[in-house]
Each structure stands twice: as C-alpha cells, then as structure tokens.
J.: 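Encoded as structure tokens, here's the structure I'll be asking about.
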Amino acid sequence: MKVHKLVVAVSSRALFDLTESHRVFEEQGKEAYCRYQIDHEDELLSPGFGFDLVRKFLAINDLSKIGPLVEVILLSQNSADTGLRVFNSIAHFQLNITRAAFTSGVSPYGYIPPFGAHLFLSTNADDVAKALHSGFAAATILSGSSLQKSSEQLRIAFDGDSVLFSDASERIYQEQGLKAFTENERNEAKKPLPGGPFKDFLSALQHIQSHFEQDLSPIRTALVTARAAPAHERVVRTLRAWGIRIDEALFLGGMPKGEFLDAFGADIFFDDQRGHCESAAKHVAAAHVPHGIINQLLPESK
C-alpha cells in the first residue's frame, strides 16, 4: 500500500531561536551574519516557537505501522555553508529531517511545490504571503507560550473564515455588518462554504488520523471561531459536505480565544487576524495566515 505522506516545510528561524544571529544580520549585514554563523557553528541553537510542533509531527512516524506518515523539510535563506549550524542542532535534537533547500538570502518559497509541501511555516511574512498567493497553506509564526504542553498528542487549532473557509462570509461582515452577516449565514446554511487556504492541510491531517483508532490518534484538531449560533450551522454542514471530521468545534461569539486554546492544549493556532494571534500567543504558539479581506484592509505591519 502506498503511503501518502504529509509534508511540512519549515524555515530555520521557525524551528530554532536565531534571534541573536538575525540581529547581527539586521545590524551588520549578510557577510557579518555568515561569519557569525560559521564562528558559532559548534554552538547548539535553542528550540524556536515551531520546534515542539515539528517534534510531535515527526513522532507520529514512530507510531505508524505502515511506514512514515509525515516528512519535515527545511527551507532556509541560509547558505549551505552557514546552514551547518542548523543541521548540527537538528542532529543534536535527533530530529529526522534529511531534506533541505538553502537559498543564500533568496526566498525559498519556490521550492514548496517540488517538495510537495502541504504546509509552510516561517517567521518571514513576505515568504508566507508568496506561498499563500501561490495556493499553499502557509503561516507566519509570530510568537508563543514558552510552556511546553504536557500531552504528547499533537493538537492543532484553526480559525474558520479565511483559514479553513474562504473569506466570502467575512467580506459580508466587514462590508455590511453583523446583521447582514448573520442573515446571509442563516439563508445560506445548507450551502457549503468555499474552501480556504488550510482546507487541504486539514484533509491531510484527517488522512493521518484515519490510520489510527479514534481514541488512539496522535492528532487532535479543533475549530475555534468567533462565529456563534445561528452562523454555526453552515460551518457544520460545510465540514460534513467536505467529508472532513474535526474533533472539537468552539463557537465563541466574539469571546477572546486564548483561554479556550489553552484548555484545548493547542500546540499551534492558525488565524487570519494578527490581533487574535497576539492574544492567543500568551497561551499557545500562534501563526498568522495573511489571507482574506482583513489582511487587505490592514497592512501586514500592523
């Protein structure tokens, strides 16, 4: 039986804490950065905000009885020479990452298609925006709680509109207000929402889940949305029409999401609104998806 692997592409700065070396790059330039990395080649890097997520993804392979279900690819703007420090750290932490693209300062997003990646995680907002524009699930890891989750189960939470679903309904809310949004969702309750940039990624997660008994699955997913009744019905019917199961659905009616994400034990939360991500990051690792009308109205820098 052929195993269809989930492929996750991650940048070196999302995987490891490269704050100090990035400061050298910003203040002194590329040559000084390269010298710094080579001079510190044998010094291990500390885990970054995406480290535990990657570790849990790779741990799924240890539980699989049919071969590897997940592969993690490193996409880095380092050169192969300066990237030795990154691979030394990968080896130290025993992360099974063997494929990489080092692009020496050029955006690596163009290598997402040939690697077949389902998800791209980076700290570089421009690279993420390019990947999203090309039709791939991508998010900028902004920050996250330093507290490691006690569960070894990988727990991933998603916002709905502009993430799992398109921004069609969100546009009505932004342009016409809550009353028009609620009326539209009630009238269109039985019409599935169009898919958003993370639909295929959620589907790939469910494919992995299908290889395990539900109560033994190494992955648990949650929808955490500001929607509330009656706008919840269309969401439920949409997932049903897609044939995609989500393990938990929280309809919060505009309540802050952070404490709910903490209660769920999310390893990462994907949302299209930076404000929601910044609030969530007090509790969990948060990743911004710069997609949809909200990100057209507000510059990425805000």
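Throughout, residue positions are numbered sequentially from 1 according to the sequence presented.
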J.: Could you check if a side-chain atom of Val24 sits within less than 4.5 angstrom of a side-chain atom of Arg35, using non-hydrogen atoms only?
T.: no

J.: Between Glu233 and Arg227 (salt bridge meaning N to carboxylate O under 4.0 Å), is one present in this structure?
T.: no

J.: For residues 107-119, which residue pairs qualify under side-chain hydrogen bond (donor to acceptor under 3.5 Å, both in side chains), counting only residues two or more places apart or in two chains?
T.: Ser107-Asp127

J.: Are the charged groups of Arg23 and Glu20 less than 4.0 angstrom apart, N to O?
T.: yes

J.: Taking all non-hydrogen atoms of both residues, which atom of Ile246 and which atom of Ala222 are closest, and how far apart?
T.: CD1-C, 3.7 Å

J.: Which atom pair, heavy atoms only, marks the closest approach of Ala139 to Val289?
T.: CB-CG2, 4.0 Å

J.: Run the salt-bridge test on Asp167 and Arg171 with the 4.0 Å N-O cut-off and return the result as yes or no.
T.: yes

J.: For residues 189-202, run the donor-acceptor check on the side chains, cut-off 3.5 Å, and write out each pair with its distance to 0.1 Å, sequence neighbours left out.
T.:
none

J.: Taking 4.0 angstrom as the limit, do Asp247 and Arg155 come out as a salt bridge?
T.: no

J.: So how far is it from Ser76 OG to Phe102 CZ, rounded to the nearest 0.5 Å?
T.: 5.5 Å

J.: Compare all side-chain heavy atoms of His288 with those of Asn295 and state whether any distance is below 4.5 angstrom.
T.: yes

J.: Pairing donors with acceptors under 3.5 angstrom, does anything connect the side chains of Thr19 and Asp17?
T.: yes

